[in-house]
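Everything numeric in this text was worked out from a predicted model, so none of it was measured.
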Amino acid sequence: IRAVERSRGLGDVYKRQEQFRQGAEQTFASAGWQFCELELAELSVSSWRSAVLASVEDGPVVIFTYQEDFLDFLRGLVADSPMERAMVVIALAEPEEKVPPQFLQLEFHPEELGFVGGIMAAELTTDGHVALYAFSEDYYSDLFVAGFWQGLMVGRSGASLRDLRVSRREMTDREEGASLMAELLNKVNSEYDPRFAVDVVAFWTGPLGDAFAGEVAAARIPVIAGVVPSQDATPFAPVTSLYYDFSAIPQFLVDNQERLGLLKRYDLDGSPAQNRGHKQGDAGTPAQPDSSTAGSRRVHIRMDSGLMKVQGFDNYLRFHSLPAEFMKSVDFYVRSLQVGELEVKPELPESP
């Protein structure tokens, strides 16, 4: 089986590409899969099809991507007879149009990570004023903010959350992005007594927000980072990172290849030849095709999947202390999410 993946080399997308590559090189080799990474952005659109076909040998093919730019191309590709057995796995992309049954969508639920982040902020804040940066007009940012709000209210009902949104375009320049973030936070703090300013800041902006996150952390304000793990090893490192672990996706695909139907051939109505009648999986359970519904299949990625993680606190604890009940609270809610005892609603909070 050959897996094909490609991404743009910018910000959090670049980090995911590196993570996936690291996991793929070891996992696929051990499983007897072949891995080929295609940088389609370096080729003309007219040569994409020939590039993919040239990389494919006999046998089932799994194509993995998390870029919406390629969905139209892949939709047409799997309709060709040479690629009709190819399975396309997509993550962090929401198709605007109907896709063929060969598509399997990994539907992440960052509201659960957000809930954990909100609990952390509730434990860390003294003033009760928390700020959260996320991307505007972004489906997964909306979900994270919704979960963060709920966690913060559970941990400290009287706290305030300032939802600060930035666009990816505004953050492409490191210095300009940091300046914009600083301006937004200064505007918020001007509304408070200086003694009770924002004292916990969370970032769901990945590396595009690293510059300002470092400035905040250097001011000894606790920082919760995401959507990729923080590599900061300075004394003022973020408290933790909440992130999608793309390095674990290759192992997830190998371990669940049968339940995910990666080796099946699907009829045009979306029904696999040997798996008719199965329904979509529950939270964290690989989805089985629904024979009554043509189109993409989904698998819900929650805290029990191993693909959404909380980075450890060891580095932070080398230089700082955490509130007495901090670890106990975090562990309790993480376990509750993993075993399905806690439901986080994917609903946005009301505007403050």
Side-chain angles (χ1 to χ4, degrees), residues 1-7 13 15-38 40 52 55-68 70-71 74-75 77-78 83-95 99-110 140 227-229 243-266 270 272-275 278 280-290 295-309 338:
I1 298 178
R2 182 178 297 271
V4 182
E5 184 272 347
R6 180 274 171 199
S7 67
V13 175
K15 292 287 188 180
R16 292 177 191 142
Q17 179 180 1
E18 290 295 315
Q19 286 183 347
F20 188 89
R21 180 188 298 119
Q22 293 172 6
E25 290 175 347
Q26 179 178 353
T27 300
F28 290 156
S30 300
W33 294 29
Q34 294 178 321
F35 174 59
C36 176
E37 184 175 5
L38 298 181
L40 298 184
V52 174
S55 71
V56 174
E57 298 177 354
D58 293 336
V61 179
V62 177
I63 299 174
F64 173 76
T65 187
Y66 44 98
Q67 292 297 298
E68 294 182 357
F70 299 122
L71 295 187
L74 294 172
R75 186 185 291 110
L77 183 70
V78 299
M83 297 294 290
E84 63 183 4
R85 289 200 64 190
M87 298 299 301
V88 179
V89 180
I90 59 176
L92 303 182
E94 290 288 330
V99 294
Q102 294 99 317
F103 276 62
L104 175 68
Q105 185 172 351
L106 303 184
E107 185 174 350
F108 283 77
H109 287 267
Y140 289 99
V227 41
V228 295
Y243 63 100
Y244 308 130
D245 188 0
F246 267 52
S247 67
I249 289 180
Q251 190 66 59
F252 181 83
L253 297 178
V254 169
D255 291 344
N256 296 287
Q257 57 185 285
E258 292 187 6
R259 289 189 292 171
L260 295 175
L262 297 183
L263 307 183
K264 304 293 184 183
R265 179 168 181 160
Y266 288 87
Q274 299 178 356
N275 257 1
H278 291 288
Q280 288 195 116
D282 294 327
T285 302
Q288 296 290 357
D290 185 339
S296 67
R297 298 165 298 125
R298 293 173 181 256
V299 53
H300 296 278
I301 305 301
R302 301 184 185 274
M303 288 297 293
D304 63 337
S305 68
L307 301 185
M308 298 199 305
K309 294 183 179 179
Q338 289 174 336

Neighbour count >12 (heavy atoms, 6.0 Å) for atom CD, Q26: no
Taking all non-hydrogen atoms of both residues into account, name the closest pair between [X] and [Y] and its distance.
X	Y	answer
M87	G261	CE-O, 3.8 Å
M303	M308	N-CE, 3.7 Å
G306	A248	O-CB, 3.9 Å
M83	V61	CE-CG1, 4.4 Å

message: Under the criterion side-chain contact (heavy atoms from CB on, under 4.5 Å), I'd like the reasoning laid out for V299 against R259: C-alpha separation, chi angles, the key distance, then a yes or no.
response: CA-CA 10 Å; V299 53; R259 289 189 292 171; over 6 Å; no
- request: Give a yes or no on whether the ring-centroid distance for Y140 and F108 is below 6.0 angstrom.
  value: no
Validation row, ring centre F20 to ring centre Y66 under 6.0 Å: no
For residues [X] and [Y], determine if any side-chain heavy atom of one lies less than 4.5 Å from a side-chain heavy atom of the other.
X	Y	value
L38	S55	yes
P101	R297	no
E37	E25	no
L260	F252	yes

Test item: [X] side-chain N/O and [Y] main-chain N/O as donor-acceptor pair under 3.5 Å:
X	Y	value
Q102	R85	no
Q105	A93	yes
Q257	V254	yes

message: Does L71 form a side-chain contact (heavy atoms from CB on, under 4.5 Å) with F103? I'd like the steps, not just the answer.
response: CA-CA 10 Å; L71 295 187; F103 276 62; 4.2 Å; yes
- request: Begin with the C-alpha distance, continue with both residues' side-chain angles, and end with the deciding distance and a verdict on side-chain contact (heavy atoms from CB on, under 4.5 Å) for V99 and V78.
  value: CA-CA 10 Å; V99 294; V78 299; over 6 Å; no
Distance in Å, [X] [atom1] paired with [Y] [atom2], rounded so as to fall on 0.5 Å steps:
X	Y	atom1	atom2	value
L74	Q67	CG	CD	11.0 Å
Q338	R302	CD	CZ	13.5 Å
L104	F64	CG	CZ	10.5 Å
L307	H109	CG	NE2	12.0 Å

message: Can you classify the ring geometry of F28 versus F35 as parallel (below 30°), tilted (30 to 60°) or perpendicular (above 60°)?
response: tilted
- prompt: side chain to side chain donor-acceptor pair (under 3.5 Å) with Q19: which residues, sequence neighbours excluded?
  reply: none
message: For Y244 and L92: C-alpha separation, side-chain torsions, deciding distance, then whether side-chain contact (heavy atoms from CB on, under 4.5 Å) applies.
response: CA-CA 10 Å; Y244 308 130; L92 303 182; 3.8 Å; yes
